[in-house]
Amino acid sequence: MDPLEQFERQICEAVTATFRQMGADTPFEIEVPSTGTADLAVPCFPLAKVLRKAPAAIAEEAASKLPPLDLVSRVWAEKGYLNFRLDDRKVNMATLGAIMEMKDSYGRGNASGLKVLLEHTSVNPTGPIHVGRARNPIIGDTLARCMRAYGYDVTTEYYVNDVGKQVVLLTWGLENIPAEDVEAIEREKADHRLVVYYQKANRMMEEDPEVARQVGLMLRRFEDGDEEVMAKVRKTAKLMLDGIIESLLTINVVIDQFTWESEFIKDGTAHNVVERLKRSEHCGEDQGACYLELKPFGIHGKETRFFFTRADGTTLYTTRDMAYHLDKFRRADRTINILGEDQKLGQAQLAIALKLLGQERSPECVFYSFVSLPEGRMSTRKGTVVYLDDLIEEAEARALEEVRKRRTDLTEERMLEIARAIGRGAVRYNIARVQPEKPLVFKWEDALNFEGNSAPFVQYAHARACSILRKAGQAASSFDPGVLTNEYELKLIRALARYPAVIREAGEKQRIQALPAYGHEVAAAFNQFYTYVPVLKGEENRDARLALVNATRIVLANVLTTLGLSAPEEM
RNA sequence: GCACACGUGGCCUAGCUUGGAUAUGGCAGCAGCCUCCUAAGCUGCAAGUCGAGGGUUCGAAUCCCUCCGUGUGCGCCA
């Protein structure tokens, strides 16, 4: 239920009729002016050609010819725009009415019933998740929440890479490196305990050909389907994965299901893909290894061939990924992948190869740029990383420090609870607010920003609203929205009215960064209202203002939840 | 070399899909605001060749071309 819909509809109908009367049957836009001069505006420039008149004159004429509209309080022409001011009382009634009725489902779109399979994270189980990779679950989980809010039936999935050299190398390290040869680790979590073996094994393999030979042998046995080796590798991957899952939980990311890459080897579907690709006219062979020549499909670079088997006939990563996607297509109407920008070429090749198999569908991809450190790229192998667990720990510690400064009345447990909400939220918000494709340089001071455009800013506004409502006691059963007439009240209500449109933008157009920006806008409008408009001492306007505070609380809570943040009732 | 992405005040960032009014916010800086619902807040000031150049258009941060800078990719790796 979008409170602004009826207003837009009425204006659209009236303007269409008026333009037609003036001799123009051209399409036009209804936009929210960036200047803030009006609630809605229709630019008259596109009509200039048809009517052979200046846009300003067209706007003037339309303004004078437009019939009075009951939902609009003022119509005027300005610089070629036809401007509309909506009727305050009716906006108030429609908005507060919708929020009170829908409560925590205010903003939700109509269920489309479409099944969406959203794959995100899927990091290699060779080490703890680091800040660079953390962009993936945050974008993925936030998008999943936005799409659910918009009305899709979303399932999130993690594709576990338990095949290949990296996990085999880790497994070899665990079996062959004595504990005293790796650096001591403080954390109990398995992923942190294991990653040092992975790093050490990498160094050993580079320096010692014998190690490289042993790892190669193990990989060989794995590729040959040696049950013992496969089970061992899977066990390592599982151990690491459990640590990763635990980390994800701290930022409120829960993944619905897991698919293991090795399954596509075991069940023969990857091999089946190979057999079908071999029949393609674009298939070639180079010393036993099979490839598709993708030059005719617009693939550029030094190598335009896309190999899908090794010389020994075993499958490659992308081949198994094809089998995985064919499986996904059977399970959902839409498939979305959240991927690092390094996967772009691979995904392009995958899409072409799927087409060559006669598959019409290809996955929709959201690519994000890597997060780097000021001193350069993050690498698990080299150990030049900031782990998510460390970032969260630091964020919570800083938040706790702030809570202690402000609140001396709370129990230790309650302070910890609030600090967790703030610290974890700040990390998610700071990543979600930036467009995925923008490069991001990780800086502690930005990641731990607790003021301005940040999670705590939005959470704080929510806590303030809760505080007023707590002190007010029982809410009045009825109120008159018409008494909310000062600039702060009107601005706040207009912000609340936009929420369904924001969910549509974030969920349908997959622009999740619109949601943090909106949360900031509502919180800022509320903070101004809070500063200048008394609520509890609001005299005859008290009931209506309490209703507005409650409506704001509901919208802020919805925004926070959809961003995967908690909405603390006190801070 | 080729391909893809990004470039917006000192720093970070919105707007670009679908061209339209005075380019959105934040951080840092400066100056103010707590006898009153939590100052993680509010108000004001200062700060911009929207990477550069050209083109399309009545109109370009937005579309097209060229160039520059940065990142990513171009494995019988995953």
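The sequence lines fix the lettering, A, B, ..., with proteins before strands; numbering per chain opens at 1. No experiment lies behind these values; they were computed from the predicted model shown.
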Separation between CZ (A:Arg470) and CD (A:Glu570), nearest 0.5 Å, reads 5.5 Å
The dot-bracket string of RNA chain B, counting Watson-Crick and G-U wobble pairs with both distances under 3.5 Å, using [ ] for crossing pairs and | for pairs to another strand, is (((((((..(((.......[....))).(((((.......))))).....(((((..]....))))))))))))....
Of the candidates B:rC42, B:rG7, B:rC76, the side chain of A:Lys438 sits closest to B:rG7
Just to be sure I understand the rule, does A:Val533 reach a base, reach only the sugar-phosphate, or reach nothing, if contact means heavy atoms closer than 4.0 Å?
base
Next on the checklist: Any base atoms under 4.0 Å from A:Asn83, or only sugar-phosphate, or nothing? Heavy atoms, all strands.
Outcome noted: base
query = Expressed as a whole number of Å, how far does the C1' atom of B:rC12 sit from that of B:rU18?
reply = 28 Å
The residue, A:Gly288 or A:Leu82, whose nearest nucleotide of RNA chain B is more 5′ is A:Leu82
Assign A:Asp312 to base, sugar-phosphate, or nothing according to its heavy-atom contacts below 4.0 angstrom with the strands shown. nothing
With a 4.0 Å cut-off on heavy atoms, is A:Glu570 in touch with a base, just the backbone sugar-phosphate, or nothing at all? base
Point to revise | Sugar-phosphate only, base, or nothing, as touched by A:Lys509 at under 4.0 Å among non-hydrogen atoms | key: base
Atom CZ of A:Arg464 and atom P of B:rA39 are separated, to the nearest Å, by 5 Å
*Rounding to the closest angstrom, what is the interatomic distance between B:rG51 and B:rA60 at atom C1'?*
16 Å
B:rC63 glycosidic conformation (syn if within 90° of 0, otherwise anti) is anti
Letter by letter from the 5' end, nucleotides 56-75 of chain B scores (B base, S sugar-phosphate only, - none; protein heavy atoms under 4.0 Å) ---------------BSSBS
By nearest-nucleotide position on RNA chain B, the 5'-leaning member of A:Asn527 and A:Ala38 is A:Ala38
Q | B:rA47 to B:rC67 separation - P atoms, rounded to the nearest Å | A | 37 Å
Atom CG of A:Leu440 and atom P of B:rG26 are separated, to the nearest Å, by 20 Å
Look at all strands and tell whether A:Val549 reaches a base, only sugar-phosphate, or nothing, counting heavy atoms closer than 4.0 Å. nothing
Winner on side-chain proximity to A:Thr531, out of B:rC42, B:rC16, B:rA78, is B:rC42
Item to complete: Select base, sugar-phosphate, or nothing to describe what A:Ala517 touches, counting heavy atoms under 4.0 Å on all strands.
Response: nothing
Would you mind writing out the side-chain donor-acceptor pairs for residues 362-372 of chain A within the sub-3.5 Å range, not counting sequence neighbours?
{"from": "A:Glu364", "atom 1": "OE1", "to": "A:Arg334", "atom 2": "NH2", "distance (Å)": "2.6"}
{"from": "A:Glu364", "atom 1": "OE2", "to": "A:Arg334", "atom 2": "NE", "distance (Å)": "2.9"}
{"from": "A:Tyr368", "atom 1": "OH", "to": "A:Asn136", "atom 2": "ND2", "distance (Å)": "3.3"}
{"from": "A:Ser369", "atom 1": "OG", "to": "A:Glu437", "atom 2": "O", "distance (Å)": "2.8"}

Nearest-angstrom distance, P atom, B:rU8 to B:rG15 = 14 Å
Checklist entry - Has A:Lys382 got more than 12 heavy atoms of other residues, nucleotides or ligands less than 6.0 Å from its NZ? => result no
Numerically ordered, the residues 414-429 of chain A set in heavy-atom contact under 4.0 Å with RNA chain B is A:Ile422
Just to be sure I understand the rule, does A:Ala463 reach a base, reach only the sugar-phosphate, or reach nothing, if contact means heavy atoms closer than 4.0 Å?
base
**Message:** What contact category does A:Glu445 fall into here, base, sugar-phosphate, or nothing, at under 4.0 angstrom with non-hydrogen atoms?
**Reply:** nothing
| request: Could you tell me whether A:Lys295 and A:Glu293 have a side-chain N and a carboxylate O separated by less than 4.0 Å? | output: no
Taken to the nearest whole Å, CZ/A:Phe457 to C1'/B:rG41 is 8 Å
message = Does either side chain, that of A:Asn202 or that of A:Gln199, offer a donor lying less than 3.5 Å from an acceptor on the other one?
response = no
### Query
What does A:Ser454 touch in the nucleic acid at a heavy-atom separation under 4.0 angstrom: a base, only the sugar-phosphate, or nothing?
nothing
- [ ] For the residue pair A:Trp444 and A:Phe442, categorise the inter-ring angle as parallel (less than 30°), tilted (30 to 60°) or perpendicular (more than 60°).
- [x] perpendicular
| request: Give a yes or no on whether the ring-centroid distance for A:Phe297 and A:His282 is below 6.0 angstrom. | output: yes
Taking B:rG15, B:rA78, B:rA21 as options, the one with an atom nearest any side-chain atom of A:Thr37 is B:rA21
**Prompt:** Is there a donor-acceptor pair under 3.5 Å between the side chain of A:Tyr518 and the backbone N or O of A:Ala495?
**Reply:** yes
- Salt-bridge contact A:Glu285-A:Lys278 (side-chain N to carboxylate O under 4.0 Å): no
Distance col, row A:Gln510:CD vs A:Glu508:CD, nearest 0.5 angstrom, shows 9.5 Å
N/O-N/O pairs, protein side and nucleotides 27-35 of chain B side, under 3.5 Å:
{"from": "B:rA28", "atom 1": "OP1", "to": "A:Glu451", "atom 2": "OE2", "distance (Å)": "3.3"}

Closest of B:rC42, B:rU22, B:rU18 to the A:Thr35 side chain is B:rU22
Side chains of A:Leu345 and A:Gln349: does their closest heavy-atom pair fall under 4.5 Å? yes
Whole-Å distance, A:Gln166 CD to B:rC77 P, equals 12 Å
Does some side-chain heavy atom of A:Glu157 sit less than 4.5 Å from a side-chain heavy atom of A:Tyr324?
-> yes
When all nucleic acid strands are considered with a 4.0 Å heavy-atom cut-off, which category describes A:Ala41: base, sugar-phosphate, or nothing?
-> base
Report task. Taking the six-membered ring for Trp and the single ring otherwise, decide whether the centroids of A:Phe306 and A:Tyr291 are under 6.0 Å apart. Result -> no
A:Leu316 has its side chain closest, among B:rA78, B:rC42, B:rG25, to B:rA78
From CD of A:Glu31 across to P of B:rU24 the rounded distance in Å is 15 Å
inquiry  = Does the plane of the ring in A:Phe28 sit parallel, tilted or perpendicular to the ring in A:Phe19? Use 30° and 60° as the thresholds.
reply    = perpendicular
| query | For A:Glu375, does the CD atom sit with more than 12 other heavy atoms under 6.0 Å from it, leaving out its own atoms? | reply | yes
When rounded to the nearest 0.5 Å, the distance separating SG of A:Cys466 from CE of A:Met571 is 11.0 Å
Listing time: all N or O pairs from protein to nucleotides 43-52 of chain B that are below 3.5 Å?
{"from": "B:rU43", "atom 1": "OP1", "to": "A:Gln528", "atom 2": "NE2", "distance (Å)": "2.6"}

Is the A:Tyr158 ring parallel, tilted or perpendicular to the A:Phe258 ring (thresholds 30°, 60°)?
tilted
